[in-house]
Number of protein chains: 2
Amino acid sequence: MTLNVLSNRYAVAVPVTQSDVALRAGVSRALVSLVFRDATNVSDQSRARVLLAAEELGYRPNMLARSLASKKVRTIGVLLNDITNPFFVSMYVELSDAAQDAGYDVLVGPGLRSVAQERTLLGTLLGHRVAGLILISPLMKASELNRIIAGYPAVSIARDMNLDGADFVTNDELVGARLGVRHLVDLGHERIVHLSGGFSRSAVHRKRAFLRAMSELGLAGSARVIEGDFTEEAGRSAAREIIRCRADETAIFASNDLVAVGAMGVLEASGVRVPEDVSVLGYDNSVISDLQMISLTSIEQPLRDFGRASIRLLLERIDGERDTRVSLEFEPRLIVRRTTARRAIR
Amino acid sequence: MTLNVLSNRYAVAVPVTQSDVALRAGVSRALVSLVFRDATNVSDQSRARVLLAAEELGYRPNMLARSLASKKVRTIGVLLNDITNPFFVSMYVELSDAAQDAGYDVLVGPGLRSVAQERTLLGTLLGHRVAGLILISPLMKASELNRIIAGYPAVSIARDMNLDGADFVTNDELVGARLGVRHLVDLGHERIVHLSGGFSRSAVHRKRAFLRAMSELGLAGSARVIEGDFTEEAGRSAAREIIRCRADETAIFASNDLVAVGAMGVLEASGVRVPEDVSVLGYDNSVISDLQMISLTSIEQPLRDFGRASIRLLLERIDGERDTRVSLEFEPRLIVRRTTARRAIR
DNA sequence: TCGTCTCATTAGCGCGCGCTAATGCTTCGC
DNA sequence: GCGAAGCATTAGCGCGCGCTAATGAGACGA
């Protein structure tokens with residue numbers, strides 16, 4: 001590490017208030033307030049003088065004071081658990097974009113899969129009196145969460161819990177599973193193994209959806225599940241298991257892209273070709289699935305829709321336009337790439 | 001899209017203030033304030049009664065009012081441009097983590113590589129009177145940026161511009177280039193092509209560092225540069241170029257991992273084996289380089305150090321402990337994986 | 001010239017909390 | 001029993017701005 005001292009001049013920011021602007025413009029403070037609130041009943045002349053003075057002084061309305069006085073906060077709090085998951089981060093990007101369009105700032109509480117931390121973060125967000133909360137895959141028990149966010153406008157994403165205070169946005173797992181299973185079956189596969197994401201709610205839902213989609217096609221008997229979690233290592237481990245016991249499955253339906261990629265890595269290293277010997281299907285359509293070297297067929301979760309819809313639902317509640325609790329399910333899409341192919345006759 | 005109405009009960013949050021707590025605890029409002037500021041001179045009995053009342057009412061100090069009154073804001077603003085770059089996002093994660101440890105919240109201004117948007121976001125952050133600014137790879141002209149952030153504590157990451165008001169944190173490009181070049185040369189490579197990230201400052205720096213590292217080893221004559229940008233497509237395009245003109249380079253030093261992966265995809269699709277026929281080296285050591293299917297040798301930028309150092313520098317300035325401008329350069333590390341190998345004799 | 005009507009402008013309170021000088025209450029020593 | 005000393009508590013102003021009732025200034029007709 002190298003440290004260089006570049007100079008020793010530091011200006012200090014001078015806080016400029018409405019009073020300063022009023023003084024310079026030769027009007028009352030309240031008039032400055034009116035101008036910055038775009039109120040009517042201000043002569044063009046006065047308005048111009050105020051704006052000029054503000055520009056000259058570098059004045060910016062103090063959001064803190066404004067929120068305090070108006071009792072309206074233009075900030076949305078996002079609880080993001082966990083931040084190391086690229087899928088959730090992409091979600092956040094969309095959310096932030098949508099919020100910005102609606103004229104709201106976003107205050108993030110980025111967590112690392114710890115309930116205790118989640119508690120702290122929620123406290124911070126509520127301390128800021130955010131206008132509403134977006135909860136991305138929260139870990140906390142529903143009862144506690146309900147108590148904490150009681151009365152706050154809130155939307156929960158990717159976790160369908162009993163939050164009596166929150167609306168809910170997710171993707172339709174059953175549709176996703178059907179898309180994937182049907183695609184594989186259309187390619188001639190029958191024996192399909194699901195690499196489960198473990199015992200979190202979303203993982204369990206995805207697994208159930210897979211099993212149901214299989215049995216809908218009369219393939220309940222040839223469906224198999226290997227438990228794991230949502231990591232690449234879980235995919236690798238599952239692939240080793242598959243190879244070790246000479247499984248006769250010809251297709252893999254992974255619970256997310258990372259798991260799929262992990263499995264592919266081990267398979268190819270062991271001489272099992274994808275998709276010639278075995279087809280692999282991911283979930284999420286995350287950035288890695290689109291890399292040419294990976295080119296993973298995947299189920300796309302409509303992140304953009306999630307983001308837009310969440311903000312919209314939240315604003316409806318913030319503005320009091322709706323007093324019913326609502327859940328939205330978006331349909332995922334199949335993105336076919338190069339890891340799935342017709343089953344080889346062997 | 002499916003919409004379900006789940007219920008029609010919505011509680012409304014009742015804002016609880018210090019006065020409410022004071023009333024319930026049977027004390028004055030100021031005493032409640034003292035308790036929540038951990039002041040001395042409060043009897044244990046009073047403290048307990050206040051805390052109990054607060055708990056019962058679900059009171060939380062209002063950060064807005066607190067910041068306004070104390071003139072101290074415990075929020076740091078982060079200008080993040082651009083948010084679609086995973087490298088910058090990882091940086092943000094580290095920053096956010098470090099800030100949290102220091103007891104600060106983080107307000108993000110997530111940009112999409114637009115100067116106009118950057119202006120707006122900075123305005124928002126300053127409107128919130130954040131205690132300090134972290135600028136991740138800002139696009140704006142130095143002169144304008146200087147004017148806007150004048151007097152504000154600020155740290156710039158990954159852009160070594162003339163910001164007289166900001167400290168500066170980056171990785172030592174020359175060290176990184178030397179690590180990469182020396183690694184390849186040690187493996188017997190001499191003719192090395194650099195896939196440049198284009199004409200942004202950091203890309204130009206990286207290119208220059210590459211050329212300098214080459215000439216230090218007496219290989220100036222066998223160094224080549226293909227211009228591009230920081231995307232996967234740029235890597236693909238460069239690889240096509242390399243194949244088309246039957247280039248005799250045996251190693252590729254890409255300006256980042258995404259570019260490297262793009263190049264590898266095209267090379268392998270064209271029958272050029274990595275690393276048997278050509279070695280490929282990335283930069284950043286981002287998540288994708290560690291995927292087993294990719295396993296890209298890369299130069300690791302010490303993100304964690306970046307994050308910690310940035311926050312530390314910023315706090316030093318916020319707390320007025322330092323009035324000199326400072327720049328920090330961290331040394332990157334070489335992470336050897338499977339895309340680089342000894343040059344084949346052909 | 002005077003009163004009325006209209007509209008731009010202002011005075012002043014409130015938002016929730018930080019902070020300090022002043023107040024009230026104990027306790028103690030002599 | 002009295003004053004001093006030590007603490008716990010309170011009253012009250014200020015932070016920067018939103019908001020409304022009240023004020024002032026013109027414009028107009030009679």
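Bear in mind the structure is a predicted one, so any value in this text is a computation, not a measurement.
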Ring geometry between A:Phe36 and A:Tyr59 (parallel below 30°, tilted from 30 to 60°, perpendicular above 60°): perpendicular

Sugar-phosphate, base or nothing in reach of B:Pro15, heavy atoms under 4.0 Å: nothing

Short side-chain to backbone donor-acceptor contact, A:Arg322 and A:Thr324, under 3.5 Å: yes

B:Glu55 atom CD, neighbour heavy-atom count above 12 within 6.0 Å: no

More than 12 heavy atoms of other groups within 6.0 Å of A:Asp319 CG: yes

Contact under 4.0 Å: B:Arg37 side-chain N or O vs C:dC17 OP1/OP2: no

Under 4.0 angstrom between B:Gln18 side-chain N/O and C:dG18 OP1 or OP2: yes

Separation of atom CG in A:Asp44 from atom P in C:dA8, rounded to whole Å: 9 Å

Reading 5' to 3' through nucleotides 5-12 of chain D, protein heavy-atom contacts under 4.0 Å coded B for base, S for sugar-phosphate only, - for none: ---SBBBB

Residues B:Glu56 and B:Arg24 bridged, charged N to O under 4.0 Å: yes

Distance in angstrom units between A:Lys72 NZ and D:dC17 P, rounded: 17 Å

Between B:Arg37 and B:Ser33, a side-chain donor and acceptor under 3.5 Å: yes

Contacting residues from residues 62-71 of chain B, given that a heavy atom lies under 4.0 angstrom of DNA chain C: B:Asn62, B:Ala65, B:Arg66, B:Ala69, B:Ser70

Separation of D:dG18 P from A:Asp38 CG (nearest whole Å): 11 Å

